[in-house]
Amino acid sequence: MGSQGGFYQSKEFLDLVKSIGEARSKAEEDRIVLGEIDTLKRRISEPDIPKRKMKEYIIRLVYVEMLGHDASFGYIHAVKMTHDDSLLVKRTGYLAVTLFLNEDHDLIILIVNTIQKDLKSDNYLVVCAALNAVCKLINEETIPAVLPQVVELLAHPKEAVRKKAIMALHRFYQKSPSSVSHLVSNFRKRLCDNDPGVMGATLCPLFDLITIDVNSYKDLVISFVSILKQVAERRLPKAYDYHQMPAPFIQIKLLKILALLGSGDKQASENMYTVVGDIFRKCDSSSNIGNAVLYECICCVSSIYPNPKLLESAADAISRFLKSDSHNLRYMGIDALGRLIKISPEIAEQHQLAVIDCLEDPDDTLKRKTFELLYKMTKSTNVEVIVDRMIDYTISINDNHYKTEIASRCVELAEQFAPSNQWFIQTMNKVFEHAGDLVNIKVAHNLMRLIAEGFGEDDDTADSQLRSSAVDSYLHILGEPKLPSVFLQVICWVLGEYGTADGKYSASFITGKLCDVAEAYSNDETVKAYAVTALMKIYAFEIAAGRKVDMLPECQSLMEEFLASHSTDLQQRAYELQAVIGLDAHAVESIMPSDASCEDIEVDKALSFLNGYIQDSIEKGAQPYIPESERSGMLNISKFRNQDHHEASSHGLRFEAYELPKQTVQSRIPPASLASTELVPVPEPMYVSESYPTTTVSSASSDAGSTELKLRLDGVQKKWGRQTHSPATSTSSTTSQKTVNGITQVDGSNTSNSRTRETYESRKQQVEITPEKQKLAASLFGGSSKTEKKPATGHKISKSSSYMVEKSHVPKSSMEIASEKKAPIQQPPDLLDFGEPTVQSNAPSVDPFKELEGLLEPTTEVAAAKNHSSTAAATKSPDIMGLYTETPAGIHNKDDGDILSGLSNPPGTHMLGGTTRTQVAQSSKGPNLKDSLQKDALVRQMGVTPSSPNPILFKDLLG
Amino acid sequence: MIKAVMVMNTQGKTRLAKFYEYLPVEKQQELLRGVFAVLCSRAENVSNFIDAESIFGPDSRLVYKHFATLYFVFVFDSSENELAVLDLIQVFVETLDRCFKNVCELDVVFNYSKVHTILDEMIFGGQVVETSSSEIMKAVEEISKLEAASNAITLIPKSASGWRSR
């Protein structure tokens, strides 16, 4: 057997594979493959190629494409092969097209017809091949072309075809739910299929359907439970056993489905308790697959309405996972723990040391999973330890994707649970320092906002303490060699705003530092801009305070450089700085008030402050402004442009060539920074000429949409608003505008956090004496009982408080269940007693499958009919029929055994139980010299000599 | 659902790649390279699971198993169970082993279409349809028989028949 896949291929192909295998570099490999492509291109277009050759060429093409080279020249030949009559050639053709083409490829149109024909074929293998292609190549538009045939195939006599037809239908559902919505009931029907394989396959689409809409499938709970029960009782054919577990893959799918159905549904969940508990006990935790089922049970238990007994079993299973030596199991244990702590947070405490072991494990995957768990269980009591750990980990890894994720988690946790302002600032410093450029810029803006506003308490001294501590730490950090841009922006902003506020540092010291920053990061214009603005603020505050300003020499040279900068933004800022320094104290104070970054800036959309000016102009003979809607016959260029623009958008095709107007409109709406640079050197009279077009544009754009409107206003505000104020706050205004809704958030978490701080510290002292690990454990887990009693403060309920809520509720409610459940659980003890499976399978007076039969008449008839047919028929194909028979399980099993032993089976082993099979497999394992030598000899016979670097190709995979 | 199945050897040469969502060839290569880079940096005796979100986007996990010279890699989303997929790999390899008798890397290379056939019997359109190794074998044998019946005489070169009769 099995040797079917001999070396059909020619020496050429063997040589190709061999030479690629021995290629020393990617370049060499590419050269070989390109040569091969040339050969194939030539050969494939020759006339009258024998089918066998053609098949090989196509396989070689597939191979070439797998190595990453373009094989599109051969696609059409693969398509042609699907039309072939020979099964082998046809299948190869289908294989190639499913690998080459996608559903939107141009060649698909040539295949649809073939697929239609093949779906009707008498040969089921042709049908299967076509179904395979259907899954991959049919898109929404072509679904109707094949849908009727696929539906017909759902009743095909071959189970392999039924199975694939279901999958194809499922695929259609995924691609376009509306096109097959009327056929969804077919999935329910197939659940009662005679063949366990088909039933198992049906679970896949049902899982998807139930994920989308749980409520319409609640009626199936009983059926799923009874199927699961029967599977667990080994009523499926032995062929489905895997490592002595009865059909574990089907069990897993069923448990997943039950988890969905039972989520938040007490009634449905109650139906599941028995069978899930049953599986918990039966699962063999020594095999991998047994643990997979166990894990799925835990997931199910943590998803359905809680049951104390099951939770206990789940906790037991988790502790077994965590105590295991296998990394895989510990990984699953951590994951399961993360699910279960949502329901019973106290279970984490038992496993503290195991969790810490996982955290310190060299395995990255495990470590990350553990961080995920810690993230879920963070409270104000353990936030410091967890965030510290996370930051340490961030430092140690290079994976930017994960770095970003963990950094944003740090920020989130720090914002929610920060025990003190200092800690928060320090944590943020660390995050920025190590993952700076990966952090979202919003985080930086949030931090600036936070420092500006304080934590929202009406306590000015605390706020100013926060600021001076921030300034202190930033001045300290500036000594570090290379800092991320985002972080430098924050530093510059804070130093500018609060550097001299508490009088600790002199203006010249701070400005010196700022100049250093601007020089050290001279290729980062954003940082330079921040630095210049900060300088301006410091000088402005100095002037306002009545002190004389002496610009440092390095600052002056920096300004000179910026005045001539290529960046208009920098130039603008430098000119502004010059202008501000020249003003008197009073003017400066109104332009640049101290600590005013949080004041709301009112935007005067009507530009009413210009009224007087306009009045003057009109009196002098200027034309009044007419809104666009009233300008009907006026020949106004800008209006034409606008019209063009609008038409272009309504009839896209016709006016496509006229892109130009669009651009001019855009250029008339310059980004804020550009607008302000334009403005500064402009002398007063220019406003007259500028004012008219600008206003028209802005009014025109008001139809265009609110986002544009907002953009525009920024520019307008800078042009017309409180002139010098706006550039200075251009950085802070963005943040201050966002603040309004954010304030409360910070508020809430802070009040609760500062309170928890004390308990935490007292706790820490107690633990200090114990060994390091225990200390870590205690700081991670220990605090839980204490937080419980704390009242939730602040209306943005933080994580900790939501835990509390759960904590206080869940145990109570689960106690209720316990008391409710006690009686029914103890009444039928035989249901729970799994020591004697035969007794138990007889126990239910009504066969649960009987109830399932009620689901659908036609199939049950079939099933019933089969029921009466001979057992010989049952053995021929592994049949779920066994499920339907009402014979006691014991006898039935015996029957099975007899039949099996009587069955002559060429492969010999596979009908025997899982153990025997694996044993046989293992016994034939190991370095089987004879076999590899034989293969080697064959290759030589083919003319290919495996040279020395390659003999591993012959290494037995399972050996 | 299962997003991709890959088989590559320890030197990073792809031996089989099947993506259940269409991806352009360049993207496939990029993913294969990304996966190999992660795989070869893994120490021994660590878990078989890798967080694949940085390579395959959100909600994707990767399970791999190392057999002799080959890595078998399955990529899938949260609707599958990691441990179960690990066993699915086992089923796949056991089936290959039954099919080729002491399967080795060379078998996978030369019997490309056959390996695909086996995989197609197990995973169909990204869903696991069959998990019983013997059922898969039955189907594959039947296919081979029928294919051989229609082609045997013309298709099988002399040298390979010796191989077949083993």
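Numbers restart at 1 for each chain; the letters A, B, ... are given by sequence-line order, proteins then strands. The structure presented is a predicted model; accordingly, all values stated were derived computationally and were not measured.
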Inset, instruction - Please check if the side chain of B:H116 supplies one atom and the backbone of A:L95 the other of a donor-acceptor pair under 3.5 Å. - result: no

Inset, instruction - Measure the spacing between CG of A:L125 and OG of B:S144 and express it to the nearest 0.5 Å. - result: 9.5 Å

Legend entry - pair A:Y402-B:S54: side-chain heavy atoms closer than 4.5 Å: no

Inset, instruction - May I ask you to name which of A:V293, A:L131, A:N123 has the most heavy-atom pairs under 4.5 Å with chain B? - result: A:L131

Legend entry - Heavy-atom side-chain contact between B:M1 and A:F207 under 4.5 Å: no

Legend entry - Atom group of A:K158 that falls short of 4.5 Å from chain B, counting heavy atoms: side chain

Inset, instruction - Mind listing the closest non-hydrogen atom pair of A:C204 and B:Q127 along with its distance? - result: CB-OE1, 3.3 Å

Inset, instruction - Say whether, by atom type as modelled, one donor and one acceptor occur between the side chain of A:T365 and the main chain of B:F49 under 3.5 angstrom. - result: yes

Inset, instruction - Please report the shortest heavy-atom distance between B:E135 and A:A239, naming the atom on each side. - result: OE2-CB, 4.1 Å

Inset, instruction - With a 4.5 Å cut-off on heavy-atom pairs, point out which of B:D120, B:V85, B:D51 contacts chain A the most. - result: B:D120

Legend entry - Side-chain donor-acceptor pair present, A:Y242, B:D87, cut-off under 3.5 Å: yes

Inset, instruction - Below 4.5 Å from any heavy atom of chain A, which atoms of B:S78 appear? Answer side chain, backbone, both or neither. - result: backbone

Legend entry - chain A interface, residue from B:A17, B:P24, B:S79 that has the most non-hydrogen pairs under 4.5 Å: B:S79

Inset, instruction - Answer with side chain, backbone, both or neither: which region of B:V25 has an atom nearer than 4.5 Å to a non-hydrogen atom of chain A? - result: side chain

Inset, instruction - For residues B:L83 and A:L329, report the shortest heavy-atom separation together with the two atoms involved. - result: CD1-CD2, 4.0 Å

Inset, instruction - Before giving the answer on side chain to side chain contact (heavy atoms under 4.5 Å, CB included), spell out for B:Q29 and A:M66 the whole-Å C-alpha distance, their side-chain angles and the decisive distance to 0.1 Å. - result: CA-CA 8 Å; B:Q29 288 301 308; A:M66 187 182 74; 5.6 Å; no

Legend entry - Which atoms of A:M332 approach chain B - backbone, side chain, both or neither, heavy atom under 4.5 Å: side chain

Inset, instruction - Please flag which part of A:I289 lies under 4.5 Å from any non-hydrogen atom of chain B: side chain, backbone, both or neither. - result: both

Inset, instruction - Using a 4.5 Å cut-off on heavy atoms from C-beta on, say whether the side chain of B:V128 contacts that of A:F249. - result: no

Inset, instruction - Grab the two heavy atoms, one from A:I59 and one from B:S113, that are nearest each other, plus how far apart they are. - result: CD1-CB, 3.8 Å

Legend entry - Option that, when pairs with chain B are counted at under 4.5 Å, heavy atom only, ranks first among A:K164, A:H69, A:K163, A:K90: A:K164

Inset, instruction - Tell me yes or no: between the side chains of B:S47 and A:D363, is some donor less than 3.5 Å from an acceptor? - result: yes

Legend entry - Toward chain B, the part of A:L101 with a non-hydrogen atom under 4.5 Å: backbone

Legend entry - Heavy-atom contact with chain B under 4.5 Å, split by part of A:L203: neither

Legend entry - Any A:K136 side-chain heavy atom under 4.5 Å of B:Y20 side chain: no

Legend entry - Leading residue by heavy atom contact count with chain B [cutoff under 4.5 Å; candidates A:V134, A:N132, A:V62]: A:N132

Inset, instruction - Let me know if A:F100 has heavy atoms under 4.5 Å from chain B in its side chain, its backbone, both or neither. - result: backbone

Inset, instruction - Kindly indicate whether the side chain of A:N288, heavy atoms from C-beta on, has any atom under 4.5 Å from the side chain of B:L86. - result: yes

Legend entry - Which of B:K18, B:E53, B:H66 touches chain A most, by non-hydrogen pairs under 4.5 Å: B:E53

Inset, instruction - Measure across A:I20 and B:K13 and return the closest heavy-atom pair with its distance rounded to 0.1 Å. - result: O-CE, 2.9 Å

Legend entry - Segment of B:L23 engaging chain A (4.5 angstrom heavy-atom cut-off): neither

Legend entry - Part of B:Q28 within contact of chain A (heavy atom distance under 4.5 Å): neither

Inset, instruction - State whether a side-chain donor-acceptor pair under 3.5 Å links A:Y63 with B:R15. - result: yes

Legend entry - Which atoms of A:R91 approach chain B - backbone, side chain, both or neither, heavy atom under 4.5 Å: side chain

Legend entry - Validation row: A:R60, B:Y112 side chains within 4.5 angstrom (heavy atoms): no

Legend entry - Spacing of OH belonging to B:Y22 relative to NE2 belonging to A:H105, to within rounding of 0.5 Å: 6.5 Å

Legend entry - Toward chain B, the part of A:A129 with a non-hydrogen atom under 4.5 Å: neither

Inset, instruction - Quick one: which of B:N45, B:L96, B:L32 has the most heavy-atom pairs under 4.5 Å with chain A, could you say? - result: B:N45

Inset, instruction - Please flag which part of B:E26 lies under 4.5 Å from any non-hydrogen atom of chain A: side chain, backbone, both or neither. - result: neither

Legend entry - Segment of B:A43 engaging chain A (4.5 angstrom heavy-atom cut-off): neither

Inset, instruction - Select one option (side chain, backbone, both, neither) describing which atoms of A:V198 are under 4.5 Å from chain B's heavy atoms. - result: neither

Legend entry - Within-4.5 Å side-chain heavy-atom neighbours: A:Y331 and B:E82: yes

Inset, instruction - Please state whether the side chain, the backbone, both or neither of B:V91 comes within less than 4.5 Å of a heavy atom of chain A. - result: both

Inset, instruction - Could you tell me which portion of A:E103 (side chain, backbone, both or neither) has an atom closer than 4.5 angstrom to a non-hydrogen atom of chain B? - result: neither

Inset, instruction - Between chain B and each of A:A201, A:A96, A:G68, count heavy-atom pairs under 4.5 Å; write down the option with the most. - result: A:G68

Legend entry - chain A contact via B:E30 - side chain, backbone, both or neither, heavy atoms under 4.5 Å: neither

